[in-house]
Amino acid sequence: MHRIVALVRPPQSTFELSCAAEVFGVERPGLPTRYAFGVCTETPGPVATRAGYDMLVTDGLDALDRADTVVVPGWLPTDEPPSPAVVRALRRAHARGARVVSICSGVFALAHAGLLDGRQATAHWGHARVLATRFPTVRVDPDVLYVDHGDVATSAGAGAGIDLCLHLVRGDQGARYAAQVARSMVMPPHREGGQLQYAAPPHPEQFDGTLAPLLEWATGRLGESVTTAELAARAGLSTRTLARRFADQLGTSPGQWLLAQRIGAARELLEGSDLPLDAVARRVGLSSATNLRRRFLGALGTTPGAYRRAFRATSR
């Protein structure tokens with residue numbers, strides 16, 4: 001029996017905890033039980049949750065010494081470091097061979113413990129930049145749903161915790177077992193693409209400085225073949241100066257920014273309309289369904305068809 005122990009702290013996110021509990025802690029008819037699931041906290045007793053109630057946790061940090069896998073299901077607020085006792089417990093568990101896993105903001109606890117130094121990790125797309133800034137030795141990948149090194153694994157935001165947990169089951173127990181767990185949860189065994197398909201596309205009003213009027217003008221003309229030279233002429237700048245302004249203010253080139261806007265507009269059309277892919281491509285200036293598929297796959301790691309199925313608008 002593989003023992004899973006989740007380390008919780010106030011205010012605990014109930015969703016992140018439930019990701020691990022639902023995958024590892026539920027007995028399912030017709031499926032042999034392969035995991036024992038438990039919860040611990042630094043100070044046993046009532047633990048406040050973000051859902052407005054307290055939960056009673058009776059096990060302390062010594063429970064991590066008996067775990068085969070330690071799960072940190074969120075760590076909020078992210079700017080509050082774990083105590084020395086928690087850091088020691090996480091390091092001790094990892095040193096003796098336990099797998100240490102984080103869900104969403106739980107990655108901050110692993111980073112504080114030094115378990116991610118020099119390694120790739122992921123986090124919710126909204127936390128990725130803060131994580132990378134605060135822990136420069138961690139190689140943060142803001143796109144993927146999870147990263148698994150075998151001994152340490154991290155997931156992206158909230159729901160990606162389920163993806164990671166199912167992935168771990170697949171590695172522990174095999175694809176068939178994991179598929180049965182996923183089926184009982186009415187979940188796909190594996191999701192296509194990375195988390196950038198879920199991140200909100202940037203809008204011109206989020207950018208300041210001299211480029212804002214130009215960005216607004218360009219986003220209103222995505223269906224046209226706007227070029228970098230036209231952008232420069234509109235701004236009254238040379239193409240070289242424009243490229244420098246884009247790099248300084250947006251961290252990208254004019255061409256890459258235009259492509260990102262076209263992809264963002266395509267996402268909105270795929271979510272909210274039944275337009276054929278060719279029509280979507282023409283409306284956002286990508287000329288053809290073939291070009292749309294190629295650009296979409298390169299930017300988001302999934303196809304327009306798969307994206308549409310995942311994000312089909314529920315109301316018309």
Side-chain angles (χ1 to χ4, degrees), residues 122-134 136 140-144 156-157 193-308 310-311 313:
T122 193
H124 188 288
W125 56 267
H127 293 317
R129 181 173 295 181
V130 174
L131 179 67
T133 301
R134 196 173 297 165
V140 180
D141 186 340
D143 182 17
V144 295
Q195 66 165 326
L196 285 187
Q197 62 183 304
Y198 303 95
H203 292 284
E205 59 268 21
Q206 294 176 244
F207 307 117
D208 55 12
T210 57
L211 287 180
L214 179 65
L215 302 184
E216 186 174 1
W217 176 85
T219 53
R221 291 163 176 79
L222 294 178
E224 305 171 16
S225 56
V226 178
T227 65
T228 299
E230 288 178 283
L231 288 176
R234 176 77 183 183
L237 302 170
S238 69
T239 54
R240 180 175 297 180
T241 300
L242 181 70
R244 189 164 56 249
R245 294 271 180 90
F246 266 75
D248 290 344
Q249 293 192 33
L250 305 179
T252 189
S253 68
Q256 286 300 312
W257 180 84
L258 269 173
L259 177 59
Q261 304 317 299
R262 297 189 198 283
I263 293 296
R267 289 168 61 179
E268 294 181 5
L269 289 173
L270 290 168
E271 292 173 25
S273 79
D274 293 314
L275 287 172
L277 294 187
D278 270 320
V280 171
R282 288 193 300 270
R283 286 202 182 189
V284 301
L286 289 175
S287 71
S288 69
T290 299
N291 192 33
L292 173 63
R293 289 189 192 96
R294 182 170 65 88
R295 299 293 193 176
F296 214 85
L297 187 61
L300 300 180
T302 189
T303 64
Y307 183 89
R308 172 170 266 169
F311 290 93

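- Nearest heavy atom pair, residue Val140 against residue Pro142, reads O-CD, 3.5 Å.
- Separation of atoms CD1 (Ile263) and CD (Gln256) is listed at 10.0 Å; rounding is to 0.5 Å.
- Val280 places a side-chain heavy atom less than 4.5 Å from the side chain of Arg308.
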(request) Any chance you could lay out the side chain to side chain contact (heavy atoms under 4.5 Å, CB included) test for Phe296 and Leu270, step after step, and finish with the verdict? (result) CA-CA 12 Å; Phe296 214 85; Leu270 290 168; 3.7 Å; yes
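- Side chains of Leu286 and Leu259 form a contact here, defined as non-hydrogen atoms less than 4.5 Å apart.
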(request) Please step through side chain to side chain contact (heavy atoms under 4.5 Å, CB included) for the pair Arg267 and Leu300, ending with a clear verdict. (result) CA-CA 10 Å; Arg267 289 168 61 179; Leu300 300 180; 3.8 Å; yes
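- Between the side chain of Glu230 and the main chain of Thr227, a donor-acceptor pair closer than 3.5 Å is present.
- The number of heavy-atom neighbours closer than 6.0 Å to CZ of Arg129, taken from other residues, nucleotides and ligands shown, is 12 or below.
- Within the 3.5 Å criterion, the main-chain N or O of Ala229 finds no donor-acceptor partner in the side chain of Thr239.
- Residues Leu242 and Leu211 form a side-chain contact, since some pair of their non-hydrogen atoms from C-beta on lies under 4.5 Å apart.
- Atom CZ of Arg134 has more than 12 neighbouring heavy atoms from other residues, nucleotides or ligands inside a 6.0 Å radius.
- Remark: Leu277 CG to Asn291 CG distance equals 12.0 Å, nearest 0.5 Å.
- For the residue pair Ala281 and Ser288, the shortest heavy atom distance occurs at CB-O, 3.2 Å.
- Between Ala123 and Leu131, the closest heavy-atom pair is CB-CD2, 4.0 Å.
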(request) Step by step, work out the side chain to side chain contact (heavy atoms under 4.5 Å, CB included) result for Trp257 and Thr228. (result) CA-CA 10 Å; Trp257 180 84; Thr228 299; over 6 Å; no
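- Here the shortest heavy-atom pairing between Thr219 and Leu222 reads O-CG, 3.5 Å.
- Once rounded to the nearest 0.5 Å, the distance linking CG of Leu269 with CZ of Arg283 reads 6.5 Å.
- Of the inter-residue distances, the one linking Asp143 atom CG with Thr122 atom OG1 reads 8.0 Å to the nearest 0.5 angstrom.
- In this structure, Trp217 and Val226 approach most closely via the heavy-atom pair CZ3-CG1, 4.2 Å.
- Across Pro254 and Leu231, no two heavy atoms sit closer than the pair CB-CD1, 4.2 Å.
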